[in-house]
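This report concerns only the one structure given below.
Chain naming here is simple, since letters A, B, ... match the order of the sequence lines and numbering starts at 1 in each. All of these numbers come straight from a predicted model, not from anything done at the bench.
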There are 2 protein chains.
Amino acid sequence: MTTTKNISTTGTQFEGQPVGKKAYHHGDLRAALIEATRQLVESKGPDSFSVSDACRLAGVSTAAPYKHFKDKTEMLVAVVLEGMQRHRANMLAALEGIPEASPERITAIGMEYVAFALNEPGIFRLKFGGFTDRISDPRLEEGGQQSFGILLSEVAKCRGETGITEDVRRRGFLLWSFVHGLSFILHNQGLADKGGEFDLHDLLEDVSERMLS
Amino acid sequence: MTTTKNISTTGTQFEGQPVGKKAYHHGDLRAALIEATRQLVESKGPDSFSVSDACRLAGVSTAAPYKHFKDKTEMLVAVVLEGMQRHRANMLAALEGIPEASPERITAIGMEYVAFALNEPGIFRLKFGGFTDRISDPRLEEGGQQSFGILLSEVAKCRGETGITEDVRRRGFLLWSFVHGLSFILHNQGLADKGGEFDLHDLLEDVSERMLS
DNA sequence: AACATATGTTAGAAGTTCTCACTTTGACAA
DNA sequence: TTGTCAAAGTGAGAACTTCTAACATATGTT
């Protein structure tokens, strides 16, 4: 540690902050730590993530995070919650421009679901790989319900229903199971062996139609 | 640590071992550690598993495992491999007595797959939750292929094919995705919310028929 | 019986999470 | 403008981890 003067590495430096001098207070350490955690989870994998690594990346002492998070778990949960929001936003965006009540909308949701698993495997694992199993956080619960709700509403429209009937829930559940499993398999195996030979869009279209008829 | 004389807690004591006196050598520490690891993974969850806990449970020093396993990861892999063998055996056993070339055989495999996820959630998570992603062990690879092979062979028979055609592989892959996703969802949520309202056997039967026709 | 090998043990290095007492800073009231 | 307080940093260290190194003790082969 040779530098007492130091150029900020965060990019979130406040305007009034003199450049070339390290601020004692960070500005927005919470956000910086979440971003550092996200990066590390993606690059090293959730298992290898350590709070100390995140501190090193953010350029603060190892005690600093505990002013913003209860513990390591809460840091990871924060990253998951942020990821889920992006995931939902992506799925909604994927529906833009696709005719209402068409199975293609279901396919589009599935494509986006798989894309998230492949593009952000670290967060996907944290969210669905069991890490959250023993954590009862209403925000995690609620986020999952919302995502499922998007799918259910599309299924209802495709089936010509106005509400979420039991039949809609059942078909939605089956579709969700399939897309979830497909995502996990591709996520695990990186398209290498099983499944890699098939066109993703074809598979999703196929299943959407089978499940809606 | 008050006892120098100690009754073996492992149940795998050798016959010649005088009862009431702790042996310096364990007898089969490798197996005992695998069993301890399995128990802890199921009771505390894979994330909370520590080698030291396993040592305490097996009644040996924390350095002992390293005579049998390269590191912590290798201990967990050993547990996964043993679990996969049981999983395969269960699936094959579930087929007994079910008429050949009937979709009910596919359903039976699915039921067993889900049962494993619910009965041995710790191992299920280790195997499929991403832990093995960065581990390239041919035995893990091979085990997965074998399980998938069981399904493929049943699909082929149902479709009246003699070999594993592309159509068979495609249907098998779709079925597997579904069952895998279903297992994961039920595993995560313990049947609590989504999906718990439906009869498992019905769902599997439904999907098997949709995918085979 | 003796020796080589396998399989234990203790001690400890390096790294982890998290707490505690302390310091610095920004904000706001007087 | 200035004094004070709360928020948000710091360093030190306790308790735990994984894993290594050096040593001790059984086992089985000759």
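- When ring centroids are compared, A:Phe184 and B:Phe184 come within the 6.0 Å threshold.
- Straight-line distance from the CZ atom of A:Phe69 to the P atom of D:dA8: 12 Å, rounded to whole Å.
- Screening residues 133-157 of chain B for ring-ring contact (aromatic ring centres under 6.0 Å, His included) gives B:Phe148-B:Trp176 as the qualifying pairs, with residues at least two apart or on separate chains.
- Salt bridge A:Lys157/A:Glu154: present, at least one basic N to carboxylate O contact under 4.0 Å.
- Straight-line distance from the NZ atom of A:Lys67 to the P atom of C:dT19: 11 Å, rounded to whole Å.
- Heavy-atom distances to DNA chain C give each of A:Tyr66 and B:Arg30 a nearest nucleotide, and the one nearer the 5′ end belongs to B:Arg30.
- Rounded to an integer number of Å, the gap from A:His68 NE2 to C:dC18 P is 16 Å.
- Protein atom CG of B:Asp71 is 9 Å distant from nucleotide atom C1' of D:dC19, rounded to whole Å.
- Taking a 4.0 Å limit (strictly below) on heavy-atom distances, residues 39-56 of chain B reaches DNA chain D at B:Ser50, B:Val51, B:Ser52, B:Arg56.
- Residue contacts shown for B:Lys72 are limited to sugar-phosphate atoms, with no base heavy atom under 4.0 Å away.
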- [ ] Check step by step if side chain to side chain contact (heavy atoms under 4.5 Å, CB included) holds for B:Leu204 and B:Phe178.
- [x] CA-CA 9 Å; B:Leu204 286 165; B:Phe178 167 74; 4.0 Å; yes
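- A side chain to side chain donor-acceptor pair (under 3.5 Å) check over residues 40-49 of chain A, counting only residues at least two apart or in different chains, returns the pairs A:Asp47-A:Arg125.
- Checked against B:Glu120 for a side chain to side chain donor-acceptor pair (under 3.5 Å), the options B:Lys127, B:Arg38, B:His187, B:Arg86 give a single hit: B:Arg86.
- Nucleotide C:dG26 holds its C1' atom 16 Å from the CG atom of A:Leu29, rounded to whole Å.
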